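Read the structure below first, then the notes.
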There are 2 protein chains.
Amino acid sequence: MEVVGEGADPRVRMWAPACQAVALLLGPYAEVVLHDPDADKVLAIWNPMTSRGPGDPSRLGELDALDPSALDVFGPYEKLLADGRRLSSVSAVLRDADGKASAVLCVNLDRTPLEQAAAVLSAFGAPTVARPEPLFEQDWSERIQHIVGAYVRECGRPVERLTRQDRLTVLDRLDEAKVFAVRRAAPVVAGVLRVSRSTLYGLLAELRASNAKDKTS
Amino acid sequence: MEVVGEGADPRVRMWAPACQAVALLLGPYAEVVLHDPDADKVLAIWNPMTSRGPGDPSRLGELDALDPSALDVFGPYEKLLADGRRLSSVSAVLRDADGKASAVLCVNLDRTPLEQAAAVLSAFGAPTVARPEPLFEQDWSERIQHIVGAYVRECGRPVERLTRQDRLTVLDRLDEAKVFAVRRAAPVVAGVLRVSRSTLYGLLAELRASNAKDKTS
DNA sequence: CTCCAACCTGGACGTAGAGTCCAGCCGTGG
DNA sequence: CCACGGCTGGACTCTACGTCCAGGTTGGAG
């Protein structure tokens, strides 16, 4: 836990536990700042997001309604950091036993990680309604290329120079993927595999006989 | 902002702004509790997750190291609610100007929404490697049922008693999904749509002519 | 009620393309 | 040299795709 400015001021000693607790809970994405409203300076800061430190000007002139009649809690409102990060911020006027405003607490929560996650989640949409096919269903020839390519990459040999056993394996995968249920797929596969249509059917028959035998055994 | 117990106790008046600020920032998923360490009772509570209220016993006997020598901040540690929700909790001992422990602050953050989101995100994995096909590619007849069923649900009418226009629309979607590129699909579609094979081809021809005309215009 | 038009239907038909078969052509190994 | 296993093009059959047509049915108009 990085903390700057602790212990110097009695006000800091009083409010530090609360500030530290919040900073601890919110991990690295929250900055907790304790301001001196009279001097308009930073008293202490936990998890600083910028290079601010104690003594730096607070610049919280906007919420200068520090009389006891007004509300003591502000926000959450949005802040923007120089690097574009969006913050959710809340502020609270902290008063001592006399009712005098002794400090101002600001908690700045970096929303960007949450917003990125939310973007992914919302883009996920309704999975059962969304169509996954434009890539896969559409272009079954692409799929053939993909399966064959994967095997070639797998065993290192180029597309040509594949052993008979290799072709059997690839054909098994293609058959497993129901590739041959789509019209006109056989000639395409034969072309990709650099094999004649006859050979293709030969290998396929051999394969299916073998698979059937495995099933009965 | 739901808050219970405000204003009664001077300690509540002192710490309320900080508590309220945290409760505001963390929205509905954080509960902020202010305890009386002497009476071991709840002083005030923001966004209560259970039915606890002011005056109820605090039961925070575990962190009874309330002497000034020990650390004043505890956690984050894990808590379990009766309904199974997992909480991240932090506690802080709040002291008055004399150094006397006047209150204990507890912030309980419900982690379940975040954990659910994280589970979705991690399950997302590597999208280009994962295969979405075992459900869709495999069973194209299931897909037909799905598309037709979706439309039926959409317009309310039962599978039968569909108007000609409806059938045209459904067929357009099926054709768009390249369903008719797979062998033997046409008879299945005709069966599902309660239409003869001839009619199916008739509607399909009509549809494709219309689409082609739209393209040229 | 009749008539008519639009539509659906079963069935017949032509054809593309799936799958089989075979004779011939290579390679490799004896 | 031959023998042999495997690949090849081509011819063949048959499935099933897509078209067409002659009926039958429905529903609305007269």
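Side-chain atoms are counted along with the backbone in the values below, which use heavy atoms only and exclude waters and symmetry mates. In this text the structure is predicted, and so the values were computed from the model without any measurement. All chains are named by letter (A, B, ...) in the order of the sequence lines, taking the proteins before the strands, and each is independently numbered beginning at 1.
In this structure, A/Leu105 CG and A/Ser91 OG are separated by 7.5 Å, a value rounded to the nearest 0.5 Å. B/Leu26 contributes atom CG, which lies 11.0 Å from atom CG of B/Asn108 (distance to the nearest 0.5 angstrom). With rounding to the nearest 0.5 angstrom, the CZ atom of A/Arg164 is 5.0 Å from the CG atom of A/Leu203. Here the CG-CG distance, from B/Leu207 to B/Leu168, works out to 6.0 Å after rounding to the nearest 0.5 Å. Going from atom CG of A/Asn211 over to atom CG of A/Leu204 covers 10.0 Å, rounded to the nearest 0.5 Å. Note that CD1 of A/Ile147 and CG of A/Asp175 are 10.5 Å apart. Values are rounded to the nearest 0.5 Å.
Not a single donor-acceptor pair under 3.5 Å links the side chain of A/Arg197 to the backbone N or O of A/Ala190. In this structure, B/Asp36 contributes its side chain and B/Leu43 its backbone to no donor-acceptor pair below 3.5 Å.
Distance CD (B/Glu206) to P (D/dG18): 17 Å, rounded to an integer number of Å. Atoms CG (B/Leu204) and P (D/dC17) sit 12 Å apart, rounded to a whole Å. Distance A/Leu162 CG to D/dC7 P: 12 Å, rounded to the nearest Å.
Looking at A/Glu31 and A/Val107, their side chains never come closer than 4.5 Å, going by heavy atoms from C-beta outward. For the pair B/Trp15/B/Leu94, a side-chain contact is recorded, criterion being any heavy-atom separation below 4.5 Å from C-beta on.
For the segment residues 188-201 of chain A, the set of residues with a heavy atom within less than 4.0 Å of an atom of DNA chain C comprises A/Arg197, A/Ser198, A/Tyr201, in numerical order.
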Taking only N/O atoms, report every protein-nucleotides 22-28 of chain D pair under 3.5 Å with atom names and distance.
none

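Of all nucleotides in DNA chain C having an atom under 4.0 Å from a heavy atom of chain A, the first and last in 5' to 3' order are C/dG17 to C/dC21.
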